[in-house]
Amino acid sequence: MFEAAVAMSRKWDAGEAGSEVGKGIKEKLKKPPKFVLLFSTIHYEKYGGFQKFLDAVNKELPEGTPVVGGTVAGFMNNYGCYTRGASAMAVYDDEMDVAVSVGYNAKRSPRKAVDTVISGIPNRQFKNRLVVSVISGGMVPQFMGISPKKTIQSNLIGNLLSKTFDLSLFFLQKGVAREEEILSYVITKMPNDKLISVSTEDNNEMIINYQFLSKKVVNNAIIFLVVDSNHELNLRTDHGLKPTGLTVDVTELASDKRWMRKINGKPAKQELLRLLNWPEQYVDEKIYTRSFYYPFASEKNGFLTPFISGLIWGESVYATYQLTNKKLRLLSGSGSDVISSYSKVLSDVKNPLMVFAAECGIRIGNLGSKVYLEHKQMKETVGDTPFLSVYVAGEATFSPEFGLCYGNHTVNAAVLYDQVSK
Amino acid sequence: MASQKEAILAVLDDLLREEDILAAMVARRGFEGYIPPGSKFKLKNVSVWTTLQNTMGDFFNIISKFSAQGLDKVYFELGEHEVVFFVIHADMALVSVIPALANKGLLEVEMENTRRDIKKILGVK
């Protein structure tokens with residue numbers, strides 16, 4: 001017998017919210033959950049703290065229940081769309097094995113963290129395996145306790161700071177989340193499994209994020225929830241962006257493979273502005289949001305991986321993912337493209353048992369109240385089937401069929417079906 | 001059972017706990033709106049709020065004219081502040097004041113939830 005339930009709380013106090021979520025799970029599931037996916041907005045940091053929140057959730061659950069999740073910019077479930085509160089998806093199945101594994105210092109030593117995670121995973125007992133990966137998301141880097149702005153006009157300061165970027169990542173673990181490095185390595189270790197990944201964040205400010213590991217609140221970790229069952233499992237990723245026809249050559253790339261110094265043989269910032277026909281005034285603290293609709297993309301296995309210009313320091317432009325391909329395209333998209341990518345991901349979903357989805361946090365930031373259009377599509381597709389979609393700072397899927405799909409701006413769904421594989 | 005007014009004020013109270021909701025009310029054309037106590041507001045520039053209240057009738061003239069075209073929201077910037085109208089129906093709107101540089105998309109989701117809650121209380125579809 002399979003059961004899934006979605007619980008949530010809109011309470012402000014961390015303890016009250018945790019308790020309400022835990023009680024909600026208890027009320028809705030007839031059996032003790034095999035696992036709980038738990039996500040909350042960053043608010044509880046100021047309203048009692050996440051340990052209090054997690055303690056309250058766990059108090060309502062049977063001892064030893066695997067609870068995995070973390071902080072997100074928002075979430076959507078059967079009840080609505082929210083940028084404040086907490087929500088959980090709990091699952092029980094007669095024939096299901098669940099394991100949880102963790103590796104720390106993901107930003108400093110991603111491969112080591114992956115090795116630790118993988119070493120904690122038991123052999124698969126059922127036909128299919130779904131890995132829900134929760135990675136600590138990117139954080140604005142710090143230098144001597146100061147977080148610089150997303151844009152620095154001075155060439156001298158900008159270029160100098162960009163050259164010391166890796167120090168912040170190594171010593172303070174503040175900087176990019178390195179998901180592309182983590183997940184590319186993960187899939188070499190488990191090429192026959194299916195995976196959906198989310199990176200935790202705050203309210204799109206990228207200052208702090210937390211991860212939930214059963215009773216513990218952790219940071220800078222990679223957590224795997226490994227779910228083995230005989231259920232059919234489909235994973236989909238899309239972003240809805242379209243090529244503009246503009247292609248660029250990255251002609252000078254820093255050793256971290258992220259700082260683009262020169263594009264088309266010209267200083268990266270000036271060339272980017274020229275290509276997009278943007279005035280210099282656009283290089284301000286809203287660059288993250290602006291570049292969202294005009295991201296770069298690199299092509300791999302037929303999938304265009306979009307990434308945005310997260311930082312512009314001096315003449316250097318920062319790619320949120322390592323560049324493995326120096327030939328890039330410029331994409332563009334609109335709000336309606338965002339919505340249509342959602343329907344594309346849901347297009348072949350029919351009578352699922354549950355849906356867990358992950359979307360780029362900037363999508364909800366840009367859609368605002370129009371995010372309810374996504375909610376309408378999901379409700380029309382799955383009806384009352386339990387679903388939970390989280391808005392995060394990095395999201396991806398992997399399946400042997402479609403390979404690894406990640407990028408900024410994406411929507412990803414893991415759909416579980418009743419059909420038992422023979 | 002809480003009265004309609006109490007229920008709406010409770011919903012507004014919840015919205016006002018959001019850091020960047022500096023002031024909020026449900027304005028009604030030709031009637032006194034549902035206005036939380038000033039102590040709940042974080043808006044320091046009171047003149048913005050006073051002017052807004054005094055000119056509300058003019059706003060509803062516009063809102064009602066565009067109502068048939070499906071007017072849903074109205075935004076306008078006042079220096080460091082932004083005033084946001086979420087239309088409930090032709091004669092009623094949720095009005096919030098937020099910082100001009102607020103994380104608007106995320107806030108909008110919660111303003112939408114507030115509007116939905118108010119509609120539910122009022123039995124408006």
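Computed from a predicted model, the values in this text were never measured in an experiment. To find a chain, count down the sequence lines: A is the first, B the second, and so on, and within it residues start at 1.
Summarising the geometry, atom CG belonging to Asn113(B) is positioned 7.5 Å from atom OG1 belonging to Thr83(A); distances are rounded to the nearest 0.5 Å. Atom CD1 in Ile42(A) sits 12.0 Å away from atom CG in Leu106(B) (nearest 0.5 Å).
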Step by step, work out the side-chain contact (heavy atoms from CB on, under 4.5 Å) result for Glu110(B) and Arg10(A). CA-CA 11 Å; Glu110(B) 289 306 326; Arg10(A) 300 271 290 150; 2.5 Å; yes

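Other residues, nucleotides and ligands contribute only 12 or fewer heavy atoms inside 6.0 Å of the CD atom of Glu19(B). Within 6.0 Å of CG on Leu101(B) lie no more than 12 heavy atoms contributed by other residues, nucleotides or ligands. Sparse packing is recorded around CG of Asp384(A), with 12 or fewer heavy atoms of other residues, nucleotides or ligands lying under 6.0 Å away. Remark: Lys344(A) NZ is loosely packed, at most 12 non-hydrogen atoms of other residues, nucleotides or ligands lying under 6.0 Å away. For Lys174(A), the NZ atom counts as densely surrounded, since its 6.0 Å shell holds more than 12 non-hydrogen atoms of other residues, nucleotides or ligands. Atom CD of Glu80(B) is surrounded by 12 or fewer heavy atoms from other residues, nucleotides or ligands within 6.0 Å.
Residues passing the side-chain hydrogen bond (donor to acceptor under 3.5 Å, both in side chains) test with Asp14(B), sequence neighbours excluded: Trp12(A), Arg84(A).
Along residues 28-48 of chain B, no residue comes nearer than 4.5 angstrom to chain A, judged on non-hydrogen atoms.
Looking only at distances, a side-chain donor or acceptor of Asn103(B) sits under 3.5 Å from a matching main-chain atom of Asn203(A).
In this structure, the side chains of Ser369(A) and Val109(B) stay at 4.5 Å or more apart for every pair of heavy atoms.
Only the backbone of Leu367(A) comes within contact range of chain B, with at least one heavy atom under 4.5 Å from a heavy atom of that chain. Using a 4.5 Å cut-off between heavy atoms, Tyr47(A) touches chain B through its side chain atoms alone. Only the side chain of Arg116(B) has a heavy atom closer than 4.5 Å to any heavy atom of chain A.
Sequence neighbours left out, the pairs with a member in residues 85-112 of chain B that pass ring pair (Phe, Tyr, Trp, His ring centres under 6.0 Å) are Phe59(B)-Phe85(B). Among residue pairs with one or both ends in residues 356-388 of chain A, those qualifying as ring pair (Phe, Tyr, Trp, His ring centres under 6.0 Å) are Phe39(A)-Phe356(A), Tyr372(A)-His375(A), His375(A)-Phe387(A); sequence neighbours excluded.
Put simply, of Glu18(B), Met111(B), Glu112(B), Lys104(B), the one with the most heavy-atom pairs under 4.5 Å next to chain A is Glu18(B).
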